[in-house]
Amino acid sequence: MRFDDAFVKDLQPKFEKAFADMAELEKGAIANPDENRMVGHYWLRNPDLAPTPELTQEIVSTIEQIEVFAEKIHTGAIHPPKAPRFTDIISIGIGGSALGPEFVAQALSPDFPPLAIHFIDNTDPAGIDRILAHVRNRLASTLVLVISKSGGTPEPRNGMIEVKKAYAGQNLNFANYAIAITMPGSHLDETAKSENWLARFPMYDWVGGRTSEMSAVGLVPAALQGINIREMLEGAKEMDDATRIPDLKNNPAALLALSWYYAGNGRGEKDMVVLPYKDSLLLFSRYLQQLVMESLGKEKDLDGNVVHQGIAVYGNKGSTDQHAYVQQLREGVANFFVTFIEVLEDRKSPSPEIEAGITSGDYLSGFLQGTRQALYENHRDSITVTIPQVNSRTVGALIALYDRAVGLYASLVNINAYHQPGVEAGKKAAAAILELQKRVVEVLQSAKTPLSLEEIAQKSGCADQIESIYMIVRHLHANGRGVVLQGNLGQLDTLKVVLN
Ligand SMILES: O=P(O)(O)OC[C@H]1O[C@H](O)[C@H](O)[C@@H](O)[C@@H]1O
């Protein structure tokens, strides 16, 4: 990054404020004012920091419960009714309740884990089928994690209902296989309690979904896969200690935030391309996409001014991406900066030579350096984050590094990083479409003759929603839901709709 000392000096006062904001946040201030919530993900890896002894105790005992539970599952002390051991996990969740567990599974799951994990992170029927098909013959030994902080998100609710039906289809009592991870008192929690599910683990209102990997959300699936959660927490704690220092030049998270500010003029003018040169870190960019974009992508600042902040994040892995879009990075529109994630250790065992004195790991390392240099020569800046190897401790540390960098950057640009008001609009609009669908079906049920889209719109009292109605009937038609479309699909005014 090409910033100079003058730039660093200019930003110093903003950093003084960011460090002070962060200290308040860690002490339990209402750092998420809109939702009137504390922001406590740092306490999860250092429970002594929590603002009350009760919270400290709750965090400590949850981690212990998770370990004891995972141990009992591994030894078979807790086993399915008709099998000696659980063999698989279906983890159902979305957003912050999926991305951390998915990233960590890919990064850290052993080659032969005690339980194999499968994720349902959408309401895509074909996606759900795919997972259910994989485990069909082992459903009687498959645990189901239903993860939802709010306990009311439609996608995991739908996944749970479909998976529950699959269990019923094999005459298995879902409750004997199901575990809920959610806020106490949520709809999901009440369901799990009343149906007497196998276990329930708490998620807290003071942990945001996108920073929940070190809560039960991430720790339960990780522990079940045999991942060392104590080391992950320890790595995060060590990074928290290193990034708590109110000294810009010696604080790696502050240096990241400074670089982001420099690259995008504090207005997100450049996108963050995340390129880990290690297959197991492939999902880090997707994980960071939510962490960074949901935290920083805000219309208004803390004083209510319209600012349209954010930083776009994308990327997969190197050197693979060099054969896809690095051409544009090197020569095309210069609207990005790259973050290279370098891993020093190639593999656990010695590497064979590909050519005299050269291994495939040497190539990977050479490609990272080469690409970095080629970009720099063309005035494309980059950051390099280096870890010695991919393990529980370094993955915990990476997560913590970015948690803190996002928090500090949010202070620099004066926004609330801990709410997501923009997400609601899409959810409300989707709910309205489902209501409209019900009305459209009622209209068609009472119709004597085929109706045009315009007639349906009028009869359902939504004259201005012809396009939505078109999309609804087309979807029902494509899925054998009793709706027949007569006429030309490409010419809306010729279409007649009837129920058969
Ligand atoms: O864990 P849940 O309450 O089901 O939420 C899952 C996700 O959905 C929401 O729409 C939020 O934007 C995310 O921040 C959250 O992680």
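As the structure lists them, so they are numbered: ligands from 1, and atoms in each ligand from 1.
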Once the angle between the rings of Tyr177 and Tyr167 is folded into 0 to 90°, is it parallel (under 30°), tilted (30 to 60°) or perpendicular (over 60°)?
tilted
Ring-plane angle category for Tyr325 and Tyr314, please: parallel below 30°, perpendicular beyond 60°, tilted otherwise.
perpendicular
Tell me yes or no: between the side chains of Glu155 and Asn158, is some donor less than 3.5 Å from an acceptor?
no
Identify the protein heavy atom lying closest to atom 5 (O) of ligand 1, giving its residue, its atom name and the separation to 0.1 Å.
Thr153 OG1, 3.6 Å
Aromatic ring pairing Trp206/Tyr204, orientation class (parallel under 30°, perpendicular over 60°, tilted between)
parallel
Gln420 and ligand 1 - part of the residue with a heavy-atom distance under 4.0 Å:
side chain
Distance from atom 12 (O) of ligand 1 to nearest protein heavy atom, with residue and atom
Glu294 OE2, 2.6 Å
Are side-chain N/O atoms of Gln170 and Arg136 paired as donor and acceptor at under 3.5 Å?
no
Suppose I only count heavy atoms of Val423 and a 4.0 Å limit; which atoms of ligand 1 are within that range?
10 (O), 12 (O)
Under 4.0 Å from any heavy atom of Lys427, which atoms of ligand 1 are there?
9 (C), 10 (O)
Less than 4.0 Å between a side-chain N and a carboxylate O, is that true for Glu231 and Arg393?
no
Students should be able to answer this: which protein heavy-atom is nearest to atom 16 (O) of ligand 1, and at what distance?
Gly96 N, 2.8 Å
Contacting atoms of ligand 1, where contact means under 4.0 angstrom from a heavy atom of Ile94:
6 (C), 7 (C)
Could a heavy atom of Met203 be found less than 4.0 Å from some atom of ligand 1?
no
At less than 4.0 angstrom from any non-hydrogen atom of Gln290, what atoms of ligand 1 do you find?
13 (C), 14 (O), 16 (O)
Report the distance from atom CZ of Arg244 to atom OH of Tyr42, rounding to the nearest 0.5 Å.
9.0 Å
